[in-house]
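Have a look at the structure below before the remarks.
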2 protein chains.
Amino acid sequence: MRDLTIGEAARRSGVKVNTIRFYEGRGLLPEAPRTDSGRRLYDGAAVGRLAFIRHARDLGFPLEDIADLLALQGQPGTSCAPADSLARRHLASVEARIAALTALKGELTRMIACDGSDTAHCRVIESLADHALCAGDHARLAEVAAVPGVSD
Amino acid sequence: MRDLTIGEAARRSGVKVNTIRFYEGRGLLPEAPRTDSGRRLYDGAAVGRLAFIRHARDLGFPLEDIADLLALQGQPGTSCAPADSLARRHLASVEARIAALTALKGELTRMIACDGSDTAHCRVIESLADHALCAGDHARLAEVAAVPGVSD
DNA sequence: TTTACTTCCTACAGCGACTGGAGAAGCAAG
DNA sequence: CTTGCTTCTCCAGTCGCTGTAGGAAGTAAA
């Protein structure tokens, strides 16, 4: 597993070519060695690092946390308490988002179930226009529910 | 309720000054009339519109959908089926995100519960390094879980 | 050897929904 | 008249990419 092209590394790690370069620029990966003509070269360790990053991203960790986790991984013998606390913090935020979304779901369910009449009396429109029609206090709920920095 | 400054409108609607201008630029609000010196003026109807937008945002509707909902609100006598279907679609996406986050939570819970030893055998680090240690297939879970376009 | 195709390089714009700041001008109170 | 608040326009930054432009280099077949 020596001297893979960036394309090969992308295929093996599941991280796109552009994204690999992006990670390098962000300091998540060391600068790759280059061929004479300037092309990046990767080995098995680099692919492992990429897979690690992808996995952590799939689980919703922000890049900043991933950088910390990678640093911890590279230092065997250290306590794993920091990694554990990072993961716990992330779990807590996931739980907060689930709670927020569940509240949101309740509110949306209540406002749907329109009786099919015209917009003048539409439940959906009315509910949006008048906060007083709402059951709970959902101020900024969507904000809590959001994953930082992901859009589809 | 006539001739409010943008600051007053912001206070009454709960939408920040900058955000009001942003909404105007996006076409969610009609261009506000101006004073001789070029300052925007608002009335009760404008504040209501702003509150409507804020409420819909709190519930996680994207601006594009909100534009549609505002248009529907302005046309009494039309069927409310479009508004209803918008809300239903949004509810479905909220439910999908809850499901994704719940799966994520399970995975995170499994990998936490580190026994406090060193990073060489840390559950968190190991789980991230080796996808095979995972229970479910969580590829791109965080992506589904995300609210489009919100970052804190 | 020429052509054609693919991959690679850098650099930058765009997504969504804002937020915050610069620099200039307006306005009210002391 | 000065101080301090608000407003104006314009622009950069957030987050984690993705996609494109425009070019160079590598590979394979004709």
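A:Tyr23 has no side-chain polar atom (N or O) that falls below the 4.0 Å cut-off from OP1 or OP2 of D:dG16. Remark: A:Arg26 is not in phosphate contact with D:dC15, judged by side-chain N or O atoms under 4.0 Å from OP1 or OP2. Here B:Lys16 reaches the OP1 or OP2 of C:dG20: one of its side-chain N or O atoms lies under 4.0 Å away. Residue A:Thr19 has a polar side-chain atom (N or O) positioned under 4.0 Å from OP1 or OP2 of D:dT18. At the phosphate of D:dC8, neither OP1 nor OP2 sits under 4.0 Å from any side-chain N or O atom of B:Ser37.
Atom-to-atom, CD1 of B:Ile66 to P of C:dA17 comes out at 8 Å; the value is rounded to the nearest Å. Between the P atom of C:dG26 and the CZ atom of B:Arg40 lies a distance of 16 Å, rounded to the nearest Å. Summarising the geometry, the separation between CD on B:Glu24 and C1' on D:dC8 is reported as 12 Å, rounded to the nearest angstrom. Between A:Ile6 atom CD1 and D:dG26 atom C1' the separation is 15 Å, expressed in whole Å. With rounding to whole Å, A:Leu63 atom CG is found 6 Å from D:dG16 atom C1'. As rounded to whole Å, 14 Å separates atom C1' of C:dT10 from atom CD of A:Glu31. Distance A:Arg11 CZ to C:dT7 P: 7 Å, rounded to the nearest Å. Spacing between atom CZ of A:Phe22 and atom C1' of D:dT20 amounts to 17 Å, rounded to whole angstrom units.
B:Ser93 and B:Arg97 share a donor-acceptor pair across their side chains, judged by distance under 3.5 Å alone.
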Worksheet item: Given B:Glu24 and B:Arg21, is the side-chain contact (heavy atoms from CB on, under 4.5 Å) satisfied, shown in steps?
Response: CA-CA 5 Å; B:Glu24 185 183 308; B:Arg21 291 196 275 249; 5.5 Å; no

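Across all non-hydrogen atoms, the minimal contact from B:Ile20 to B:Tyr42 is CG2-OH, 3.5 Å.
No donor-acceptor pair under 3.5 Å is formed between the side chain of B:His90 and the backbone N or O of B:Ser85.
Comparing B:Asn18 and B:Glu64 against DNA chain C, the residue whose closest nucleotide sits nearer the 5' end is B:Glu64.
Note on A:Arg21: a base of the nucleic acid sits closer than 4.0 angstrom, heavy atoms only. Residue contacts shown for A:Phe61 are absent, as no nucleic acid heavy atom lies under 4.0 Å away. Heavy atoms of B:Thr5 sit under 4.0 angstrom from primed sugar atoms or phosphate atoms, though from no base atom.
Using a 4.0 Å cut-off between a side-chain N of Lys or Arg and a carboxylate O of Asp or Glu, B:Arg11 and B:Glu8 qualify as a salt bridge.
For A:Arg39 against C:dT7, a side-chain N or O and a base N or O form a donor-acceptor pair under 3.5 Å.
With C:dA17, C:dC8, D:dT7 as the candidates, the nucleotide lying closest to the side chain of A:Val17 is C:dC8.
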